[in-house]
Structure formats: C-alpha cells, structure tokens
Amino acid sequence: MKILAARFAGKHELLIENTGKFLLEVDRLKSHGQFSDAEILISAYTKILELKNALKVCPTGKKHDPDNQSVGFGDTNYFLC
C-alpha cells in the first residue's frame, strides 16, 4: 500500500511536505481496516487538498500578513492567506 500511495502522490505532483502528510493519512486510514485501497487513497488525497486550501483561504479578502496566525471566533476559523 505504501508503494501505491507514493506513486499516487508522485502522479498528482504533491509537494514534499504534503506527500508526508498524505502518507501519514494513508497509514491512519489503513489501520482502521474498514476501507478499500481506492477509498483510502481518495480520502487521504481529499484531506490533503482541504488542508492545502485552508491555508490559502482569506475570508476577509485582505492580503497575507506574515505575523498573523490562525484564529477562531465561535464557529468561524480564519486562516493565513
């Protein structure tokens, strides 16, 4: 499964830091023993894309402030953009 996941990451051109997170997520899902290999790969890839996009979201439309950190107010989270 690890070789298949590594090839999947390479084919989808994940960055090195995202590849590591992807492989960890694959291992986590595989340890549950409830999912097929295809379901594991797709779920892990989807989660990595969500994490990747979350860091780029800027709900206020302001430009990126390097000193700003992620904060949450109630049910709303604001991420670095």
Side-chain angles (χ1 to χ4, degrees):
M1 182 66 187
K2 289 183 182 187
I3 292 172
L4 183 62
R7 287 184 181 167
F8 185 93
K11 182 176 179 170
H12 290 86
E13 299 178 357
L14 290 178
L15 299 175
I16 292 172
E17 58 271 9
N18 291 337
T19 299
K21 292 175 187 176
F22 172 74
L23 294 174
L24 286 173
E25 184 66 15
V26 167
D27 283 342
R28 187 184 72 77
L29 292 170
K30 185 71 175 172
S31 69
H32 287 282
Q34 301 174 357
F35 307 108
S36 71
D37 289 352
E39 289 172 321
I40 290 170
L41 292 174
I42 292 169
S43 294
Y45 184 66
T46 302
K47 180 159 185 166
I48 296 305
L49 289 179
E50 289 171 357
L51 291 173
K52 181 178 153 186
N53 289 335
L55 294 175
K56 294 181 181 179
V57 171
C58 189
T60 61
K62 295 181 181 176
K63 292 187 177 182
H64 171 65
D65 178 5
D67 295 326
N68 189 12
Q69 299 294 321
S70 300
V71 293
F73 297 100
D75 293 336
T76 304
N77 289 319
Y78 296 87
F79 298 95
L80 295 175
C81 51

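Cluster annotation: Phe35 is connected to Leu49 through the hydrophobic network of ILVMFWY side chains, with a link wherever side-chain heavy atoms come within less than 4.5 Å. In the hydrophobic cluster analysis, where Ile, Leu, Val, Met, Phe, Trp and Tyr join through side-chain heavy atoms closer than 4.5 angstrom, Ile42 is grouped apart from Leu4. Hydrophobic cluster membership differs between Val26 and Leu15, with clusters built from Ile, Leu, Val, Met, Phe, Trp and Tyr side chains linked at under 4.5 angstrom.
Closest approach of Leu29 to Ala44, counting heavy atoms only: CD1-N, 3.9 Å.
The NE2 atom of His12 sits 12.0 Å away from the OG1 atom of Thr19 when rounded to the nearest 0.5 Å. Distance CZ/Phe22 to CG/Asp27: 10.0 Å, rounded to 0.5 Å. Taken from CG in Asn18 to CG in Leu23, the straight-line distance is 11.0 Å, to the nearest 0.5 Å. Distance check, rounded to the nearest 0.5 Å: NZ of Lys30 to CD1 of Ile40 gives 4.5 Å.
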Under the criterion side-chain contact (heavy atoms from CB on, under 4.5 Å), I'd like the reasoning laid out for Leu41 against Met1: C-alpha separation, chi angles, the key distance, then a yes or no. CA-CA 9 Å; Leu41 292 174; Met1 182 66 187; 3.9 Å; yes
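Surrounding CZ of Arg28 are more than 12 heavy atoms belonging to other residues, nucleotides or ligands, all under 6.0 Å away. Residue Glu17 qualifies as enclosed at atom CD: its count of foreign heavy atoms under 6.0 Å is above 12.
Salt bridge status for Lys47 with Glu50: absent, with no side-chain N to carboxylate O gap under 4.0 Å.
You'll find the side chain of Leu14 reaches within 4.5 Å of the side chain of Tyr45, heavy atoms only.
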